[in-house]
Amino acid sequence: MRFAIGATALLAAAFVRADEESSSSSSSEVESSTSSSIVKPTFTPTKLKAPFLEQFTDDWDKRWKESHAKKDDKSTDEEWAYVGKWSVEEPTVLKGIEGDKGLVIKDPAAHHAISAKFPKAIDNKGKTLVVQYEVKLQNGLECGGAYMKLLQDNKALHAEEFSNSSPYIIMFGPDKCGATNKVHFIFRHKNPKTGEYEEKHLKNPPMARIVKTTTLYTLVVKPDNSFEIKIDGESIRNGTLLEDFTPSVNPDAEIDDPEDKKPEDWVDEQRIPDPEAKKPEDWDEDAPFEIVDEEATKPDDWLEDEPTTIPDPEAEKPEDWDDEEDGDWIPPTVPNPKCDEVSGCGKWEPPMKKNPEYKGKWSAPFIDNPAYKGEWAPRKIKNPNYFEDKTPANFEPIGAIGFEIWTMQNDILFDNIYIGHSAEDAEALKKETFDIKIETEKAEEEASKPKTPDTPKSPSDLVFKDDPVLYVKEKFNLFVDIAKRDPVEAIKFVPEIAGGLGVIAVTLIAIIASALVGSGNAPSKEQVKAQAKKAKDAAVDAKGKAADAVATGAEKAQAEVNKRTTRSSAS
């Protein structure tokens, strides 16, 4: 009796604890979803100095000017004008620092142009040039650019609005559309002989990072013509301006003579058919590739009287078939199953085999050409346009920065732009800004991800010993859900709960009966034994019925599977 009462108390306590944990879990989930524990720092302007350093503080509009020029194109339609709007605001997606504003593209599928002139032209001759800025793709980037242009300092820069035709010195930053995904590094180089400019493109540009957290792009060009591209402070690409760009900075010292022509009698065939070779007399060009295998014999199990196909025995004439209008109905044919069990059916014919006498079309073998003179190439002459620029890193003076962009996505944000000569100051700015905000952004991104449930997806996956409380809770909830529709099915499919409830019921009856029998007097030993035996027998009976129910449920389930399988095969 004590054991039964103890078991009942344990099971009931498990139900109560499971219910309490369920309520507690639900309330904690709501609480975590409605509140954030991410503490964000507050923006403080940097004290670093540079030829140009922009953090888009409140006086930003004194430095930046939106362009409303037309794109340099034959078309004058409105779609080619710079109609895209700009704004300076805090990010709306994964904000890392409170009060930290950036320059934001506001219109999707529009042309945008904006620029800021430098207080003084930047001349990096003999100096290191460092270009660094942050890009935040709040809506991703499917097709569009997020690159900057460093504009050439000239009179036109100060007299005209910024546009795609404004001459630039360097173009740097991410660009993605379709299969294109790269970080541009392009510089315009002036030919010292002709005075013409030519774009030099990095041969193997790195891929842009298409994420909604902030990405930091850094370009460093040193006086020795070496360059380095960093993404989020990590070195991604290194090289030199003289070797890693196309077209190359310096032309070839020699070129092919355009006046030189290949002589008419020049022989550049290295091998020719042997002119003295003759076809052998026994060479039969008409011999077939295959012939009948005369040595083959019909297999003993070949069913020559059986057709290879037969009418489909399971086919039935459609109910709407009209013999007068549609003609006599003929069932479709299927492969004769008898032929699958033997070597073959129908008329037997010997197979074909490769003809050992087959040689094909005769042709003369090739020999080295005695008249061969080698591959012809025009003679080389000095390149009249040759020059050698040993210091292409000495860019022309830079007078402004501009973003001239077309993109399908809006809310692209730019911030913390550094243009100067100190890699150390650029790194210090990174630590003050990017390093702080990226940590906060990633923490918020992780916190906002949907939580993966720790519990198994199905109650049938649970094991009692792993988590008894969770096991009881899930099984009990499943029992209740099924019992609402069909109590008998609930007993069959969740016999553990049915048996437990049976034990509880029997125990309660035993307790009541004991109380009535005693009614003031302590029960005798015989009465206690009788009640204990009765409770034990009832529990065994409940357990047996639960087991029968499980077996019956399994049999019914298997029968349903068989039924569905049979239907599938028939259809």
Side-chain angles (χ1 to χ4, degrees), residues 43-57 59-60 62-65 100-103 114-135 146-154 157-158 162 166-174 183-188 202 214-238 240-241 391-403 413-437:
F43 171 73
T44 302
T46 184
K47 294 182 180 180
L48 293 167
K49 302 296 181 182
F52 183 80
L53 199 159
E54 182 62 79
Q55 292 188 298
F56 297 100
T57 49
D59 59 343
W60 73 274
K62 296 178 181 179
R63 297 180 293 276
W64 292 84
K65 180 182 178 182
D100 184 20
K101 298 179 180 179
L103 179 67
I114 194 169
S115 62
K117 294 171 184 174
F118 298 158
K120 181 181 178 181
I122 297 177
D123 189 347
N124 77 304
K125 290 182 180 179
K127 301 177 183 178
T128 295
L129 177 66
V130 181
V131 180
Q132 180 173 283
Y133 73 118
E134 296 174 359
V135 178
Y147 45 78
M148 66 159 64
K149 290 181 178 179
L150 300 182
L151 307 179
Q152 183 182 26
D153 186 55
N154 54 28
L157 177 65
H158 300 277
F162 170 54
S166 300
Y168 69 90
I169 300 299
I170 289 177
M171 182 171 139
F172 173 63
V183 178
H184 286 292
F185 176 20
I186 306 171
F187 69 93
R188 291 174 73 246
L202 181 61
T214 299
T215 301
L216 182 70
Y217 292 95
T218 307
L219 169 66
V220 180
V221 182
K222 295 183 178 180
D224 63 358
N225 301 314
S226 65
F227 74 89
E228 180 180 24
I229 295 176
K230 298 179 181 180
I231 301 180
D232 295 347
E234 177 188 359
S235 182
I236 301 298
R237 192 74 76 244
N238 295 274
T240 72
L241 303 185
T391 57
N394 287 338
F395 301 120
E396 294 188 358
I398 303 168
I401 179 177
F403 292 99
L413 183 147
F414 306 102
D415 198 7
N416 294 313
I417 304 171
Y418 175 94
I419 302 172
H421 307 295
S422 174
E424 292 76 15
D425 285 352
E427 177 65 21
L429 181 63
K430 167 182 172 291
K431 292 179 179 179
E432 289 182 15
T433 56
F434 175 77
D435 288 355
I436 294 174
K437 72 172 59 176

- Determine, stepwise, if the pair Leu429 / Gln55 fulfils side chain to side chain contact (heavy atoms under 4.5 Å, CB included). CA-CA 11 Å; Leu429 181 63; Gln55 292 188 298; 4.1 Å; yes
- Message: Between Leu219 and Met148, is the side chain to side chain contact (heavy atoms under 4.5 Å, CB included) condition met? List the steps.
- Response: CA-CA 12 Å; Leu219 169 66; Met148 66 159 64; over 6 Å; no
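- Here the OH-CG distance, from Tyr217 to Asp232, works out to 7.5 Å after rounding to the nearest 0.5 Å.
- Listed by chain and number, the residues in a ring pair (Phe, Tyr, Trp, His ring centres under 6.0 Å) with Phe434 amount to none (sequence neighbours excluded).
- Sparse packing is recorded around NZ of Lys101, with 12 or fewer heavy atoms of other residues, nucleotides or ligands lying under 6.0 Å away.
- A donor-acceptor distance shorter than 3.5 angstrom exists from the side chain of Asn225 to the backbone of Ala393, with no hydrogens or angles considered.
- No side-chain donor from either of Thr214 and Glu134 sits under 3.5 Å from a side-chain acceptor of the other.
- Considering Ile169, Ile398, Ile170 in turn, Ile169 is the only one that fulfils the side-chain contact (heavy atoms from CB on, under 4.5 Å) rule with Gln152.
- Residues satisfying the ring pair (Phe, Tyr, Trp, His ring centres under 6.0 Å) criterion with Phe185, sequence neighbours excluded, are Phe227, Phe245.
- Nearest heavy atoms, Asn394 versus Gly126: OD1-N, 3.0 Å.
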- Might you work through the side chain to side chain contact (heavy atoms under 4.5 Å, CB included) test for Asn124 and His421, ending with a clear yes or no? CA-CA 8 Å; Asn124 77 304; His421 307 295; 4.0 Å; yes
- Task: With side chain to side chain contact (heavy atoms under 4.5 Å, CB included) as the test, would you mind laying out the steps for Ile401 and Phe162 before giving the verdict?
- Result: CA-CA 10 Å; Ile401 179 177; Phe162 170 54; over 6 Å; no
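- A search for side-chain contact (heavy atoms from CB on, under 4.5 Å) contacts involving Ser422 returns Tyr418, Glu424, Asp425, not counting sequence neighbours.
- Side chains of Leu150 and Phe52 form no contact here, defined as non-hydrogen atoms less than 4.5 Å apart.
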